[in-house]
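For reference, the structure discussed in these notes is given below.
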Amino acid sequence: MKKRLLSLLLASSMVVSLAACGKSGEGNGQGTANNAKIEDAATELVDGKFADTRTITVEVYDRGNDGGTDPTDNMYTKYIHDQMLEQHNVDVQFVKVPRWTEVDEINNLLAAQTAPDVCVTYSYATIQTYADMGGVLDLSSYVEGYKDVLPNLWNWLGETNIYWDKDPESGSIWALEARLANQNRICTFIRKDWLEALNLEEPTTKEEFYNVLCQFRDNADKLLGSDADKMVPYSVSYDVGWRAATLIESFMDPAITEKEYYVNGFDDRKLTENGTKEAIKLLNQWYNEGLMWDDFAVYGSGDTTEDDMMKAGYVGAFTHNWDYPYRNGEDSIEANLKRLVGEDASYVAIDPFEDSNGTHTKWIAGPIDRKIFFPVTNDEPLASLLYLDFISDPETIQYLQIGDEGVTHTVADNGAIQIQAATGDAIQNSGMNIDYTITCNGLHLVDPEITELSLAYSYAGVDPELILKADQIAKTDTRELGNVQVGAIESEAGFGEALSSKRDQVYDKALSASTADFDSVWDAGMQDYLASGGQQIMDERKTAWENAYGDAENLPEK
């Protein structure tokens, strides 16, 4: 709460200092001035290099990994630094921002006007808030004016991701959308060795999944022995809206229109979508039957308690990112499970949440990921864009993802890249080094065929068959969201963090309520959420859709 209050106070003070900056397209001559700057800057490059060294700062997430590397000083930052100096005469300095409180930190840095020149966040609402106060650069004239010197950026992101957030009226672009090389989202994982110990089949429906959880609970003594009291049949942690995504989506209408999804889709946790209440009511039933982690709501973002329980072998099933148990090499959940429990212990992906059609509809948000933006304090936009161009080069992405042969990977006879556990400053703090490849999330090697071949081998020490199965399930019955371009939703600015907090409270309190109190707890939480800005956003989204697309229920086909 103190951090949020500080952010609001700093943001309020920033209004005065940034008011004179204005917004692009408001008649303040910013577009003309930018064009002149672009022409001047373009003439300064000789063979892609500045005559005088330029310095930029770049945000990098600090994940606080045990045994990880300093995110601002390791093998990969040295590579980036040296290559940017050699290719463009740009000195890159990294600024670490805690991953699990990144929205708070970015808010504070923006408000204090000390944000890095190149910023990255998952929260577009944060960017929009500061853009409305003149605190974010409009990138439209820059990415277009410098296009000739940004071939990698344009080739990799393309018009789709570069123009994803372009305002249809003003033409402003406050952020570039990173590209998802692999659009997989969520899978449910289950202890394969526990299924075998109880002579159970992998569940394929909600009812079968429920029955398996009951068997885990009722056979805790057999499965865990003296640790039976630590049994957690199913875990979704505090972030229920994300972690229970596939279950929630199974209660939604598979034929839902894009308009309905958009109007109710302020964030990706689906709190206000039709069907969500029924999904959480089922989880509430399971919770009250002792099938879920009792204390899930106590442990917040960045806490390792749940992961530690999985590694120790206490959790029967969980829903998470499609490759979650296999990440982080020797410190992965899978690797720890085998060390602590036995070689037969393993998590395997399953697809048990059927929808009303008997399929497994999974919503994917298009090829977009993190949002990259420049604060108005960035006085080196060309150098910053050259940085984005450099890290979008296929050769750069490949090196940052797989490192050096014999150090972080080997090459199989068929050409597949096999990731191996690294030591020292070659350790990657994030899967496939996505904290540095900020325009790319997912394996993307120079050769597309090698990329496809290598996906199953890109997790050190993990059976490739486990990866292939998870990948297949994550891609089953997916439905990609279209890009709704209706301009800024003004009511969303400033509401993001507060509504996200209220959303999590609704989920947490309703899931853990008594069965008798579920409806009243859910309804009260929703009423508060809607009254705190949620309804206003939904109403404005509905109006914006109808202004842009009329009576259409779905986006026009392209």
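Summarising the local packing, NZ of Lys166 is surrounded by more than 12 heavy atoms from other residues, nucleotides or ligands at distances under 6.0 Å. The 12-atom threshold is not exceeded at CD of Glu452, counting heavy atoms of other residues, nucleotides or ligands nearer than 6.0 Å.
By the 4.0 Å N-to-carboxylate-O rule, Glu102 lies too far from Arg370 to be salt-bridged with it. By the 4.0 Å N-to-carboxylate-O rule, Glu249 lies close enough to Arg185 to be salt-bridged with it. A salt bridge is absent between Asp267 and Arg269; no separation between the charged side-chain nitrogens and carboxylate oxygens falls under 4.0 Å.
Looking at Arg541, its side chain never comes within 3.5 Å of a backbone N or O of Lys259 through a donor-acceptor pair. Of the possible donor and acceptor atoms, one in the side chain of Tyr130 sits under 3.5 Å from a partner among the backbone N and O of Asn107. The closest donor-acceptor contact from the side chain of Asp355 to the backbone of Thr361 lies under 3.5 Å. Side chain of Gln428 to backbone of Gln401: a donor-acceptor contact under 3.5 angstrom is found.
By the 30° and 60° cut-offs, the orientation of the rings of Tyr459 relative to Trp322 is perpendicular.
Judged by a 6.0 Å distance limit and a 45° cone about the ring axis, Lys147 is positioned over the six-membered ring of Trp154.
When all heavy atoms of Asn284 and Ala513 are compared, the closest pair comes out as ND2-O, 2.7 Å. Counting all heavy atoms, side chain and backbone alike, Leu153 lies closest to Leu385 at CD2-CD2, 4.3 Å.
In this structure, Phe209 has its ring center closer than 6.0 angstrom to the ring center of Phe353. Tyr124 has its ring centre no less than 6.0 Å from the ring centre of Trp164. Residues Tyr347 and Phe318 place their aromatic rings such that the two centres sit under 6.0 Å apart.
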| field | ring-ring contact (aromatic ring centres under 6.0 Å, His included) evaluation trace for Trp242 with Tyr507 | value | CA-CA 11 Å; Trp242 179 256; Tyr507 276 133; over 10 Å; no
